[in-house]
Amino acid sequence: MALIVQKYGGTSVGTVARIKRVAKRLAMLKDRGDDLVVVVSAMGHTTDKLLDLAHKLNPLPAERDYDMLLSTGEQVSIALLSMALHAMGYKSIALTGAQAGIQTDSTHAKATITNINTRSLRKYLKEGNIVIVAGFQGVDKENQITTLGRGGSDTTAVALAAALKADWCAILTDVDGVYTCDPRMVPEAQKLDEISYDEMLELASLGAKVLHPRSVQVAKEYGVTLHVRSSFNMKPGTLVKEVKDLENIRIVSGVACDKDAAKVTLMAVPDKPGVAATIFSALGDAAINVDMIIQNINRGQTNDITFTVDESDLDKTVDAVKKLKKTLNFKGVVTDNNTAKVSIVGAGMFSHPGTAARMFRCLGDAGVNIQMISTSEIKVSCLIERKLAAKAVKALHKEFELEQS
Ligand code: ADP
Ligand code: ASP
Ligand code: MG
């Protein structure tokens with residue numbers, strides 16, 4: 001008898017028929033004698049629809065209201081899944097994040113899970129329930145509802161698997177596993193049988209939304225093996241785990257694309273010690289993640305500082321930097337949300353000099369201009385014009401011979 005955590009994404013619980021299918025899949029595991037904790041996302045595009053509603057009333061909603069609203073989506077699906085299981089004669093209980101003991105910090109809209117009190121979860125499991133937990137949400141010390149960032153239900157599942165010391169954690173989604181690239185962008189992409197935590201973390205952080213980046217971080221930290229697979233068939237998917245087989249390290253394992261990158265330039269910032277610290281501390285305090293950064297030396301005593309943020313943080317970013325205008329005395333702020341970031345990821349590039357140059361040449365040959373570059377030991381990212389993203393991704397996928405043979 002195993003203790004299994006399974007997570008079903010929005011598409012997998014998008015209709016009544018699909019909820020019934022998920023219930024049948026859970027019933028099969030329960031009949032086998034396994035203990036089950038199931039995390040579900042909001043149905044279909046519910047979260048996007050809730051966001052649209054919010055923005056119709058207020059372009060910059062208060063973060064407490066944002067979390068209050070967005071957390072309702074998952075509450076609908078846990079209740080419906082439990083009803084489906086009861087109708088089939090199975091014992092189950094639906095729990096919100098708070099009821100499941102999921103505590104977070106107070107960073108609304110991007111909260112981090114700080115602790116999981118597993119007492120109730122264990123009690124309900126012992127009573128024979130299939131325990132259904134709302135993904136993407138928790139509660140802070142003041143009992144305020146928080147959400148974990150878009151796609152955060154994956155993190156709920158992995159954190160629960162770690163806290164309960166589950167035998168494994170399955171992420172059931174609408175593709176057969178982790179591919180060398182988003183199969184919706186590149187139909188020739190190949191499914192990977194396994195991938196290391198580090199490579200998966202880079203891919204997820206760089207736009208491969210098949211897993212929430214934080215879920216991979218938690219899995220690595222607590223040694224939780226993830227099985228990413230389809231909820232629509234029983235095919236084996238991709239194992240995300242520690243890969244020690246140095247012989248089989250690929251130079252490039254995958255290509256990722258983030259179409260939501262936005263570029264911000266602060267013009268003519270005085271060239272003085274401490275200026276960058278002031279700017280990026282203010283952004284950090286506003287919980288804005290900054291990605292690529294470039295400082296251009298101008299003639300005279302000023303620099304232009306350009307950086308990228310997620311487009312959903314653009315208004316907040318402009319707001320935060322404008323507040324510094326008087327103190328820092330820079331000339332102005334220019335934004336560009338017509339950009340995308342394309343990246344190659346692979347543990348083997350570390351020992352293969354020339355991989356970055358090969359990427360730049362490939363983009364050049366495809367007529368794609370590179371606006372910014374960032375690198376780590378296992379990835380190279382380029383900021384490019386958004387409308388060229390699909391072309392760039394396809395060219396890179398081909399260049400690094402990732403296509404199905
Ligand atoms: P869920 O609702 O199940 O959480 P998501 O939409 O968040 O599903 O993630 C699954 C989607 O991730 C797929 O439909 C696919 O388009 C996209 N995706 C992006 N990059 C990859 C990749 N490298 N491998 C597999 N899927 C990817
Ligand atoms: N429903 C949330 C979202 O759409 C969380 C998730 O699906 O993981 O972002
Ligand atoms: Mg997801």
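Whatever order the structure lists them in is the order used to number ligands and atoms, beginning at 1. In what follows, residues are counted from 1 in the order of the sequence shown.
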**Q** Please say which of Arg229, Lys235, Lys191 ends up in a salt bridge (charged side-chain N to carboxylate O under 4.0 Å, His left out) with Asp176.
**A** Lys235

**Q** Crowded around Phe350 CZ? As in, over 12 foreign heavy atoms under 6.0 Å?
**A** no

**Q** Atoms of ligand 2 less than 4.0 Å from Thr47 heavy atoms?
**A** 1 (N), 2 (C), 3 (C), 4 (O)

**Q** Closest heavy-atom contact between Thr104 and Leu148?
**A** CG2-CD2, 4.0 Å

**Q** Given Val178, Asp154, Asp182, which one has a non-hydrogen atom that is nearest to atom 20 (N) of ligand 1?
**A** Asp182

**Q** Report, in ascending order of atom number, the atoms of ligand 1 lying under 4.0 Å from any heavy atom of Val175.
**A** 13 (C), 14 (O), 25 (C), 26 (N)

**Q** State whether the shortest distance between N or O atoms of Gly10 and N or O atoms of ligand 1 falls below 3.5 angstrom.
**A** yes

**Q** Would one find an N or O of Thr173, backbone or side chain, under 3.5 Å from an N or O of ligand 1?
**A** yes

**Q** Quick one: look at Ala189 and ligand 1, take heavy-atom pairs under 4.0 Å, and tell me if it's side chain, backbone, both or neither.
**A** neither

**Q** Answer yes or no: is there an ion pair linking Lys263 with Glu311, defined by an N-O contact shorter than 4.0 Å?
**A** no

**Q** Pairing donors with acceptors under 3.5 angstrom, does anything connect the side chains of Thr355 and Arg358?
**A** no

**Q** Any chance NZ of Lys20 has more than 12 other-residue heavy atoms, nucleotides or ligands included, within less than 6.0 Å?
**A** no

**Q** Which residue holds the protein heavy atom closest to atom 6 (C) of ligand 2, what is that atom called, and what is the gap in Å?
**A** Ser153 OG, 3.4 Å

**Q** Measuring from atom 13 (C) of ligand 1, which candidate in Val228, Val210, Asp174 has the nearest non-hydrogen atom?
**A** Asp174

**Q** If you count the atoms of ligand 2 from 1 in the order shown, which ones are under 4.0 Å from a heavy atom of Phe136?
**A** 2 (C), 5 (C)

**Q** Considering only the protein, which heavy-atom contact is closest to atom 24 (N) of ligand 1, and what is its distance?
**A** Tyr179 N, 2.9 Å

**Q** Does a side-chain N-to-carboxylate-O contact under 4.0 Å join Lys398 and Glu403?
**A** no

**Q** Can Asp48 and Arg150 be counted as an ion pair, charged N to O under 4.0 angstrom?
**A** yes

**Q** Any ion pair linking Lys209 and Asp182 (charged N to carboxylate O, less than 4.0 Å)?
**A** no

**Q** Consider ligand 2: state whether an atom of it lies below 4.0 angstrom from any non-hydrogen atom of Gly151.
**A** yes

**Q** Is it the case that the side chains of His227 and Thr238 hold a donor-acceptor pair, with the cut-off being a distance below 3.5 Å and no angle test?
**A** no

**Q** So is Ser12 touching ligand 1 or not, going by heavy atoms under 4.0 Å?
**A** no

**Q** Are any of the heavy atoms in Gly254 under 4.0 Å away from ligand 1?
**A** no

**Q** Does only the side chain of Ser41 get under 4.0 Å from ligand 2, or the backbone, or both, or neither? Count heavy atoms.
**A** side chain

**Q** So is Gly177 in contact with ligand 1, going by heavy-atom distances below 4.0 Å?
**A** yes

**Q** Checking a contact table here: which protein heavy atom is nearest atom 4 (O) of ligand 2, and how many Å away?
**A** Arg150 NH2, 2.9 Å

**Q** Given that the side chain starts at C-beta and the backbone is N, CA, C, O, which of these parts of Glu74 lies under 4.0 Å from ligand 2, counting heavy atoms, or is it both or neither?
**A** side chain

**Q** Pick whichever of Lys209, Arg184, Lys7, His212 has a heavy atom sitting closest to atom 5 (P) of ligand 1.
**A** Lys209

**Q** Using a strict threshold of under 4.0 Å (side-chain N to carboxylate O), is an ion pair present between Asp198 and Lys379?
**A** no

**Q** More than 12 heavy atoms of other residues, nucleotides or ligands under 6.0 Å from NZ of Lys91: yes or no?
**A** yes

**Q** What do you reckon, does Gly152 put a non-hydrogen atom under 4.0 Å from ligand 2?
**A** yes

